[in-house]
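Have a look at the structure below, then the notes.
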Amino acid sequence: MNEVHIYMISPDTLIQLKAFARQDGLLLALFWTASFAMTMMAPQSIWGNVLAMATPFFMGWRTTLFRDGALDGVISFRRAVAHGIYSVFYASLVFALVQYVYFRFLDNGTFMGIMSDGVKVIEDLYKQQGLNTSEITQSLETMRSISPVQWAFMLMLQNITIGSLLALPVAAFCKRSVRREQI
């Protein structure tokens, strides 16, 4: 009977899960903020992208700490997925606020400059292939018309979607049904 109780969702376990997810979400938002800052300050450097690509490892580390510190080394796949999704959701909310502040008050065209540079590379490839570049130019103009709050919202939805998908392999890696001492 006790074995079944471990995997049941009770109000107390949900409260505990959300509390840890809020803390881990805040740390993940700080991690993403560091990645974003590195990308905006030094767009030619790879370090911002390296940090962004390390997100699943960061999520796994935090899920493992939750499992070992709060759950006596045992976490189901379902609870690990829930922890990951909640953490990403909370991180995305905080990070959206950070990005809004950046786009609204600090950017001064840096972000669109990075986007323009990327579009120029694509444009050159299109020209080499003999394709029309008017759609690319029009897309860039559309991106320039997006407000800071719209950018923050779009990126928040992207972070929630990708992060929720990443929660699945992270949970598969971090789940454990037997305490380490019993292994």
How long is the gap from CG on Asn108 to OG1 on Thr110, to the nearest 0.5 Å?
-> 6.5 Å
Residue pairs involving residues 44-59 (criterion salt bridge (charged side-chain N to carboxylate O under 4.0 Å, His left out); sequence neighbours excluded) = none
With a cut-off of 6.0 Å (strictly less than), are more than 12 heavy atoms of other residues, nucleotides or ligands near CZ of Phe58?
-> yes
On a heavy-atom basis, the closest approach of Leu93 and Met156 is CD2-SD, 3.7 Å
Which distance, rounded to the nearest 0.5 Å, do you find between the CG of Leu65 and the CZ of Arg67?
-> 9.0 Å
What are the two closest heavy atoms between Ile75 and Cys174, and how far apart are they?
-> CG2-O, 3.5 Å
Listed partners of Phe20 passing ring pair (Phe, Tyr, Trp, His ring centres under 6.0 Å), at least two apart = Phe66
Test: Arg176 and Asp68 ion pair at under 4.0 Å = yes
Check whether the side chains of Ser147 and Gln150 place a donor and an acceptor atom closer than 3.5 Å, and report yes or no.
-> yes
Pairwise distance CG(Leu97) to OG1(Thr33) - rounded to 0.5 angstrom | 9.5 Å
For Thr137, all residues meeting side-chain hydrogen bond (donor to acceptor under 3.5 Å, both in side chains), sequence neighbours excluded | Glu123
With side chains defined as the heavy atoms from C-beta onward, is the minimum distance between Gln99 and Trp151 less than 4.5 Å?
-> no
Pairs flagged by salt bridge (charged side-chain N to carboxylate O under 4.0 Å, His left out) wherever residues 156-167 is involved - sequence neighbours left out = none
Which is it for Met38 and Val50 under the side-chain contact (heavy atoms from CB on, under 4.5 Å) test, yes or no, and what are the steps along the way?
-> CA-CA 10 Å; Met38 287 181 183; Val50 167; over 6 Å; no
All pairs passing side chain to side chain donor-acceptor pair (under 3.5 Å) where residues 48-62 contributes a residue, at least two apart = Asp24-Arg62, Trp32-Thr55
Partner residues of Ser134 under the side-chain hydrogen bond (donor to acceptor under 3.5 Å, both in side chains) criterion, sequence neighbours left out | Asn132
Side-chain contact, heavy-atom cut-off 4.5 Å: Leu106 with Met40?
-> no
In short, side chain to side chain donor-acceptor pair (under 3.5 Å) pairs touching residues 154-168 with sequence neighbours left out are none
Please say whether more than 12 non-hydrogen atoms of neighbouring residues, nucleotides or ligands are located less than 6.0 Å from CE in Met53.
-> no
Sort and list the pairs that fulfil side chain to side chain donor-acceptor pair (under 3.5 Å) and have at least one residue in residues 85-94, not counting sequence neighbours.
-> none
Given the rule in the side-chain contact (heavy atoms from CB on, under 4.5 Å) test, do Ile85 and Val81 qualify, once you have shown the distances and angles that lead to the verdict?
-> CA-CA 6 Å; Ile85 290 172; Val81 168; 3.6 Å; yes
Can you check whether Phe77 reaches Leu168 side chain to side chain, under 4.5 Å on heavy atoms?
-> yes
Across all chains, not counting sequence neighbours, the side-chain hydrogen bond (donor to acceptor under 3.5 Å, both in side chains) partners of Asp117 are none
Go through the structure and list residues passing salt bridge (charged side-chain N to carboxylate O under 4.0 Å, His left out) with Glu141, not counting sequence neighbours.
-> Arg144
Residues at least two apart in sequence or cross-chain that pass ring pair (Phe, Tyr, Trp, His ring centres under 6.0 Å) with Tyr100, listed by chain then number, are none
So, do Val88 and Leu28 sit near enough that their side-chain heavy atoms are less than 4.5 Å apart?
-> yes
Hey, are the side chains of Leu157 and Phe153 touching, using non-hydrogen atoms and a 4.5 Å cut-off?
-> yes
The side-chain hydrogen bond (donor to acceptor under 3.5 Å, both in side chains) partners of Thr63 (sequence neighbours excluded) come to His83
Taking side chain as C-beta onward, heavy atoms only, is Val119 less than 4.5 Å from Met143?
-> yes
